[in-house]
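Counting starts at 1 for both ligands and their atoms, following the listed order.
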Amino acid sequence: MISKLKNISLGNWMLIGMVLGFIVGLILNFYVNDPFIKDTLLVNNIFYLGGTGFIRLMKMLVVPLVFFSIVVGVASISDIKKIGAIGGRTILIYLVTTALAVTIALIIASIIQPGVGLNMAGLTQGTVTSNATLTDTILNIIPENPFSSLANGDMLPVIIFALLVGIILAKLREKTQTVNNFFTEGNEIMLEMTRIVMKFAPIGIFCLMAKTFASLGFDGLLPLAKYIGCVLIGLAIQAFIVYPALLVVFTRLNPIRFFKKFISVMFFAFSSSTSSATIPLNLEKLSELGVSREVSSFTIPLGATINMDGTAIMQGCAVMFAAQAYGIDLGLSALLTVVFTAVMASIGTAGVPSVGLITLTMVFNSVGLPVDAIGVIMGIDHILDMVRTAVNVTGDAICTIIVSFKNKSIDLDIFNGKKAPDKTWDDITQF
Ligand code: ASP
């Protein structure tokens, strides 16, 4: 029996936590009228402790995880001069596609309005305000004192500082090898810590769901389903409309040929929920599509670190979901702040399972949304993580093809199936 339980994957435990929390919450909502047991004992003590405790654990990870991940990602860019020519173009396309992705998510979520009907304002202690202006946000990305930004969890200046440290490490190479090793190992520590914290996710999700549904009852169900719908629609638009359109506009290549070859990479990303682990397969399929290794071996690992269009779509929908649930009207400047911060969050999201949820806290913070709402969407995040990772890796590949096309580093005969790929990937294991 115990060994059978051990075989259940973490994702499934999270799902079990969500379903049980939902059932317990509904039972409390409908059948328990004793306010001492329901509210005093369970909702405001036990579930509050388990749920808020877990959210605090997640918040604990954000600053060091994002900081180390960016420093290591940027520092690993091999030869700064060599990549100079394609580097700028690649980064620009990565950032623009991510901004487009969040914008699509915000539009869809403002049409579908997933959070309407989920009245969460009464569930959170403290006042809820949204007072960010875009000029403040832009100005605030320049750290006056990086250490106080780290200490206060001001993510944008932290990201800028991390980018600078990473660029300088990449430039100084051997001279700074010790510090480089420190950051690489620090990154490993944070990834391991994330894995450990995530082991508690099923309990945290159970408590958060039970607490929410004990107060909301069945009213909470439809918004959650609408939220899932929003994210999936956004992901489908990005993958099957935006990417093919970009491919046609910038290269005139046939998107169907691309997807026929690439679908296996999407499946792998879907089942593993990690862009990083998908790097070798992504490289292999791109070389089968005629993309030169010189470009892809730079753009794909970089994309797996900084380009997360699928994650940005989830974050855009989550922000709207929470704002609607709390009855907060996000004005234009707050929405622009969300786009900007979600692009930054995408840079700071490591390509491993669930990290998008952790960096979501920084997007919420940027416009003053209470992070408690993350607890509600967390239970169903595993399946969305799978789908968005498939979109993340597709975005990396599409941008790579566009960059190689502009750089004349793609063999169009191979892409169009008129010629077999020259070599097979025998050295992909280095990634
Ligand atoms: N699992 C995603 C990836 O690896 C990141 C995330 O959104 O959590 O691309």
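Side-chain N or O atoms of Thr274 include one that pairs as donor or acceptor with a backbone N or O of Ala277 at under 3.5 Å.
In Met314, neither the side chain nor the backbone holds a heavy atom less than 4.0 Å from any atom of ligand 1. Proximity of Ser354 to ligand 1, defined as any heavy-atom pair under 4.0 Å, is confined to the backbone N, CA, C and O atoms. At a heavy-atom distance under 4.0 Å, no atom of Leu357 approaches ligand 1.
The nearest heavy-atom contact from the protein to atom 3 (C) of ligand 1 is Ser275 OG, 3.2 Å. Looking only at heavy atoms of the protein, atom 8 (O) of ligand 1 is closest to Gly356 N, 2.7 Å. Regarding atom 1 (N) of ligand 1, its nearest protein heavy-atom neighbour is Asp385 OD1, 2.7 Å. In terms of protein heavy atoms, atom 2 (C) of ligand 1 is closest to Thr389 OG1, 3.3 Å. Looking from atom 5 (C) of ligand 1 to the surrounding protein, the closest heavy atom is Val352 O, 3.6 Å.
There is no side-chain donor-acceptor pair under 3.5 Å between Ser409 and Ser292. Asp309 and Ser346 share no donor-acceptor pair across their side chains, judged by distance under 3.5 Å alone. With hydrogens and angles left out, the side-chain atoms of Asp381 and Ser354 include no donor and acceptor closer than 3.5 Å. With 3.5 Å as the limit, one finds no donor-acceptor pair spanning the side chains of Gln238 and Thr394. Under 3.5 Å, the side chains of Ser366 and Thr337 contain no donor-acceptor pair of N or O atoms.
Short contacts between ligand 1 and Thr311, defined as distances under 4.0 Å to a heavy atom of the residue, involve ligand atoms 5 (C), 6 (C), 7 (O). With ligand atoms numbered from 1 in the order given, ligand 1 contributes 1 (N), 4 (O) to contacts under 4.0 Å with heavy atoms of Ser273. Within the listing of ligand 1, atoms 4 (O) sit less than 4.0 angstrom from a heavy atom of Thr274. For ligand 1, the atoms lying closer than 4.0 Å to a non-hydrogen atom of Met308 are 9 (O).
Closest non-hydrogen pair, Pro244 versus Ala239, comes out as CD-O, 3.2 Å.
Ring geometry for Phe22 versus Phe213: interplanar angle over 60°, hence perpendicular rather than tilted (30 to 60°).
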